[in-house]
Amino acid sequence: MKLRSAHWYAGQDRNAYIHRAWMRRGTPNHAFTGHPQIAIANTASDLTPCNAHLNEVAASVRNGVYEAGGIPLDLPVVSLGETQVRPTAMLWRNMAAMATEELLRANPIDGVVLLGGCDKTIPSLLMAAASVDLPAVVVPGGPMLTGTFRGAPLGCGTDVWRLSEEVRGGTLTQEEFTRSESSMIRSRGHCNTMGTASTMALVAEALGTVVPGVAGTPAPDSRLLQAAHGTGRLAVDLVRADRRPRTFLTKASFHNAIVALAAIGGSTNAVVHLLAIAGRLGIDLTLDDFDRTGSHVPVLVDLQPAGRFLMDDYHRADGLLAVLREVRDLLDPDALTVTGKPLANYLEDAPIWDAEVIRTRAKPLIAEGGIAVLRGNLAPAGALIKPAAASPHLLRHRGRAVVFDCIEDFHARIDDPDLDVDADSVLVLRGCGPKGYPGMPEVSNMPLPKKLLEQGVRDMVRVCDGRMSGTAYGTVVLHVAPEAAAGGPLSVVQTGDFIILDVEARRLDLDISAEELACRTPNEATLIGFANPRRGWERLYVDHVQQADSGADLDFLVGSNGSEVSRESH
Ligand code: FES
């Protein structure tokens, strides 16, 4: 077969001379002919601490690529550290995806190994790979090992929320809270709860883009490097077989990803990411697919935030394949993986080694998990709730709204002793959608009012047009679409209105008449949102970002340009 890279390197003309000559930094002559050029799209960065170890993973990929007769090429790509990037890493996900897509297309490469870990990195890499459609395979960077504090395990993220609420509720001293900080991050790797990073690694495997059995391998585990080596070899084979993402990523793959998302009790963030990836592939995936396919799937994984354990335990219990084996009747048996074989083929020999961590189908953690999609006059285009992370007694609730126009308004008033709020109230936070913030931050799991925490209240119904951290929990309705800043009904809710949540009926309604709702107009500040950027990426983003129910991708990035570039640079 003629390699794509031959369009740069083959021939004796001036352009081929230039392309080869500048790459001759010890590269042998034969490297330019007949050897697949494999980019290693690497999100390693000191400012993405969860991915800082990926250079070592890349070295193992390189060895595998060489061994299989390919030429490995380091390609540093945009990296996003969830805990560091302001105002929210989600603002930059599409930018990272766009930059990676263009780099893959612009360069003389035949295939790519995608190295990600922290929340937005695997989604942005997969969005890029889907749009450029070159042979691609993911190596997830893996979770960190379990840290402990005062003899008990600490879950990244989840325990930050829990401990900080304990400080506010007066059951933990500030000094103890600060002391726990150095115990939280025990090793290299991403968050060890079933947060977004763990979820997206596992969902990427369920989609078929990771070699089955690899996702969830802890970052310090030597088996990760072994898997990276094998994946490097596979990348060369993918090019020779011309196995591109579009040859195996189908609606059936997304079906399996949704089943996996539900069975692992994964993050709600996976919904926007999967919708965005599907959009790049032209696959008709909607919010309703998540409810239809996922909401009756049992949650089998007892990991924080829904359960007790952490990713190290999960891997010890045998990981995703063991989970999927329990729900294999719900999977689409025809969905292929990057290896060319169906995912179902990998489930024969996948025993559960610890049935406390990965439950059997007969003893699920939660009988019906998944993500429920709500609609109603408050969310005409949909909203999400994760029932597994919610309080059962709040899944059907009518309460008085206490409205906050933006996160700053929320912080300024939530602990005011005079705030008119009680345990039955519904906290409403708007201005946090894709356009309004901008970037749809993880603020929907609003901290509860201090005075209610002191009374022992630990959960309330919360409604927001933003997202929430995959490590968070509570009765939180999120991703409300359209968002307030796009003129959605959330923009006209007033403090004192009653809101009705009925998860079983899949409803979220403002308890006012249709006539009154139609008469209300939002104030200008709510429509514009908190930010009205003048220039740069934020301007482009606000002008083109789609709503959460479409994956919050930019409208002009949906779909694919393929990998063709016909024109030369000279
Ligand atoms: Fe990177 Fe949680 S902060 S995975």
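Remember, it's 1-based here, ligands and their atoms both numbered in the order they're listed. Worth knowing before you read on, the calculation uses all heavy atoms, side chains too, and leaves out hydrogens, waters and symmetry mates.
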Review point. Between the side chains of S198 and Y314, is a donor N or O closer than 3.5 angstrom to an acceptor N or O?
Key: no

Exercise for review: Check each atom of ligand 1 against the heavy atoms of C50 and keep those under 4.0 Å away; list them by number with element.
Suggested key: 1 (Fe), 3 (S), 4 (S)

Exercise for review: Check each heavy atom of C191 against ligand 1 and say whether those closer than 4.0 Å belong to the side chain, the backbone, both or neither.
Suggested key: both

Check your understanding: Which residue, V476, V463, L429, forms the side chain to side chain contact (heavy atoms under 4.5 Å, CB included) with M446?
Key -> L429

Practice item. Establish, from distance only, whether the side-chain atoms of N192 and Q304 form a donor-acceptor pair under 3.5 Å. Key: no

Review point. When you measure from the side chain of E205 to the backbone N and O of A215, does any donor-acceptor pair fall under 3.5 Å?
Key: yes

Exercise for review: For atom CD of E176, decide whether the heavy atoms of other residues, nucleotides or ligands shown that lie under 6.0 angstrom number more than 12.
Suggested key: yes

Practice item. Check each atom of ligand 1 against the heavy atoms of T83 and keep those under 4.0 Å away; list them by number with element. Key: 3 (S)

Practice item. Below 4.0 angstrom from a heavy atom of C118, which ligand 1 atoms are there? Numbered from 1 as shown, please. Key: 1 (Fe), 3 (S), 4 (S)

Revision key, fill the gap. If we number the atoms of ligand 1 from 1 as shown, the ones under 4.0 Å from a heavy atom of A197 are 4 (S)

**Study point:** Check: A128 main-chain N/O paired with S131 side-chain donor or acceptor under 3.5 Å
**Key:** no

Review point. Which of the atoms of ligand 1 are close to D119, meaning less than 4.0 Å from one of its heavy atoms?
Key: 2 (Fe), 4 (S)

Review point. Is there an N/O/S atom in H190 that lies less than 2.8 Å from atom 2 (Fe) of ligand 1?
Key: no

Review point. Any idea which atoms of ligand 1 are less than 4.0 Å away from a heavy-atom of E82?
Key: 3 (S)

